[in-house]
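The structure appears below as structure tokens.
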Amino acid sequence: MLEVRSLRAGYGAINVLWDVSLSFPKGELTAIVGPNGAGKTTLFRALMGLVPHQGEIRLDGRAIRAKTWDLIEAGLVMVPEGRLVFKDMSVEENLSLGAYPRRCRKAQGRNLERVYDLFPRLKERRAQAAGSLSGGEAQMVAMGRGMMSEPRILLIDEPSLGLAPVIVKEVLGIVRRLKAEGVTIALIEQNTHLALSVADNVHLMRSGKVLLSQKAAQVDLARLHDLYLARESGPAKV
């Protein structure tokens, strides 16, 4: 459904991604793992048209080079790292912003109830300012806002970052549920054990390159960690 071929991207004169090629199969969960500075978030930003890039991004078999808002209209949606909620707005106002795409507006009420079904805690806090929420609750708002856009492909950047283990378990439970409902998911996660527990496919990135691409069930965790920590620097084996 979503493919990247020979992708280069960066910020000004600084290039971050170097000829990255990978795919996100329809209906599957693909995990992107790697250390800080590997280029994982830059990859997602390039997919969303938020940073200049070269190479090819293909959606449903066709090359795309569209504006971010057009990609969202096409069903490609990102839940950013760090939540990025609007702190002075209520929980429900934050969620409603996800219904901005034209194709989602008529179904806003239905989608809001779906989010509240996924995250009952948010329904209890619907009138509360988002800035007063815990980190886990803010992550739920960010994910719920993404779901309000009716994604076909959902890019989730570091959902476990800074959260207590019990909240991480709850958030990953929602990720599994979305996958079971047929949403194609790309997940950035530094915790390799968490990533492998939910993923169908795994790509390891380091220094802006993909060093390993495998089915999650076939991953040798020891070798994955060697590549992750730069104890091994050989070519990737797919």
Side-chain angles (χ1 to χ4, degrees), residues 1-4 24-32 40-41 43-51 57-60 62 64-123 125-126 130 133 136-161 170-189 198:
M1 174 181 280
L2 181 63
E3 290 181 277
V4 174
F24 304 91
K26 183 177 181 179
E28 297 186 4
L29 193 155
T30 300
I32 311 293
K40 305 183 300 294
T41 295
L43 171 63
F44 274 16
R45 289 175 178 170
L47 290 173
M48 294 302 305
L50 295 171
V51 296
I57 300 173
R58 300 182 69 86
L59 180 62
D60 297 330
R62 295 187 298 177
I64 58 171
R65 192 169 288 274
K67 299 294 185 182
T68 302
W69 46 89
D70 294 325
L71 294 172
I72 296 171
E73 286 284 358
L76 182 60
V77 176
M78 183 169 75
V79 177
E81 178 185 4
R83 293 81 166 173
L84 299 185
V85 298
F86 293 90
K87 295 181 179 181
D88 294 331
M89 298 172 67
S90 71
V91 166
E92 191 155 304
E93 288 170 337
N94 268 273
L95 295 174
S96 295
L97 288 174
Y100 179 79
R102 188 175 293 105
R103 61 183 172 78
C104 305
R105 294 174 191 173
K106 289 184 179 180
Q108 179 175 343
R110 182 190 68 209
N111 288 334
L112 191 59
E113 288 307 311
R114 182 184 179 217
V115 170
Y116 287 148
D117 178 58
L118 287 169
F119 302 104
R121 201 174 311 178
L122 297 186
K123 189 169 187 176
R125 291 159 171 71
R126 62 199 303 170
L133 300 176
E137 291 165 345
Q139 182 64 53
M140 294 175 191
V141 171
M143 291 182 65
R145 183 178 58 202
M147 293 308 302
M148 291 291 291
S149 298
E150 297 182 353
R152 293 193 300 129
I153 307 172
L154 186 61
L155 313 179
I156 309 176
D157 192 351
E158 294 277 16
S160 69
L161 185 66
E170 185 175 350
V171 169
L172 288 183
I174 297 300
V175 171
R176 288 189 178 97
R177 180 171 170 180
L178 295 177
K179 177 194 166 187
E181 292 177 358
V183 179
T184 302
I185 298 174
L187 173 71
I188 291 176
E189 180 56 61
V198 296

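The two atoms that bring P101 and I72 nearest to each other are CG-CG2, 3.4 Å, heavy atoms only. Considering every non-hydrogen atom in both F44 and I32, the closest pair reads CE1-CG1, 4.5 Å. Closest approach of L84 and R145 over heavy atoms only: O-NH1, 3.1 Å. Annotation for S96 and M148: closest pair CA-CE, 4.4 Å, computed over non-hydrogen atoms. In terms of heavy-atom proximity, R103 sits nearest to G75 at NH2-CA, 3.3 Å. Taking both residues in full, the closest heavy atoms of A130 and F86 are given as CB-O, 3.5 Å, listed atom of the first, atom of the second, then distance.
V198 places none of its side-chain heavy atoms less than 4.5 Å from the side chain of E189. Annotation: side chain of R152 is in contact with side chain of D60 (closest heavy-atom distance under 4.5 Å). Annotation: side chain of N111 is in contact with side chain of E150 (closest heavy-atom distance under 4.5 Å). The side-chain heavy atoms of V171 and S160, taken from C-beta on, include no pair separated by under 4.5 Å. Residues M147 and L154 have side chains in contact (heavy-atom distance under 4.5 Å, counting atoms from C-beta outward). Looking at heavy atoms from C-beta onward, L95 lies out of side-chain contact with F119 at the 4.5 angstrom threshold.
Tested against P159, the residues L187, I188, V79 include a single side-chain contact (heavy atoms from CB on, under 4.5 Å) partner, L187. With E170 as reference, R121 is the one residue of R177, R176, R121 to meet the salt bridge (charged side-chain N to carboxylate O under 4.0 Å, His left out) rule. Here the options are I174, V85, L122, the test is side-chain contact (heavy atoms from CB on, under 4.5 Å), and the partner is M140; only L122 passes.
Surrounding CZ of R105 are more than 12 heavy atoms belonging to other residues, nucleotides or ligands, all under 6.0 Å away. Other residues, nucleotides and ligands contribute at most 12 non-hydrogen atoms within 6.0 Å of the CG atom of D88. Within 6.0 Å of the OH atom in Y116, the count of heavy atoms belonging to other residues, nucleotides or ligands exceeds 12.
S149 contributes a side-chain N or O that, together with a main-chain N or O of G98, makes up a donor-acceptor pair within less than 3.5 Å.
Considering OG1 of T184 and CG of L2, their distance stands at 9.0 Å, rounded to 0.5 Å. From R110, atom CZ reaches atom CG of L112 across 12.0 Å, with rounding to the nearest 0.5 Å. Atom OG1 of T68 sits about 9.5 Å away from atom CG of L76, to the nearest 0.5 Å. Atom CE of M48 and atom CH2 of W69 lie 11.5 Å apart (nearest 0.5 Å). The distance from the OG1 atom of T41 to the CD atom of E158 is 6.5 Å, given to the nearest 0.5 Å. Going from atom CD1 of I64 over to atom CZ of R58 covers 10.0 Å, rounded to the nearest 0.5 Å.
Salt bridge R45/E81: absent, no basic N to carboxylate O contact under 4.0 Å. A salt bridge links K123 to E113: one of the charged nitrogens lies within less than 4.0 Å of a carboxylate oxygen.
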Might you work through the side-chain contact (heavy atoms from CB on, under 4.5 Å) test for L118 and L178, ending with a clear yes or no? CA-CA 9 Å; L118 287 169; L178 295 177; 4.0 Å; yes

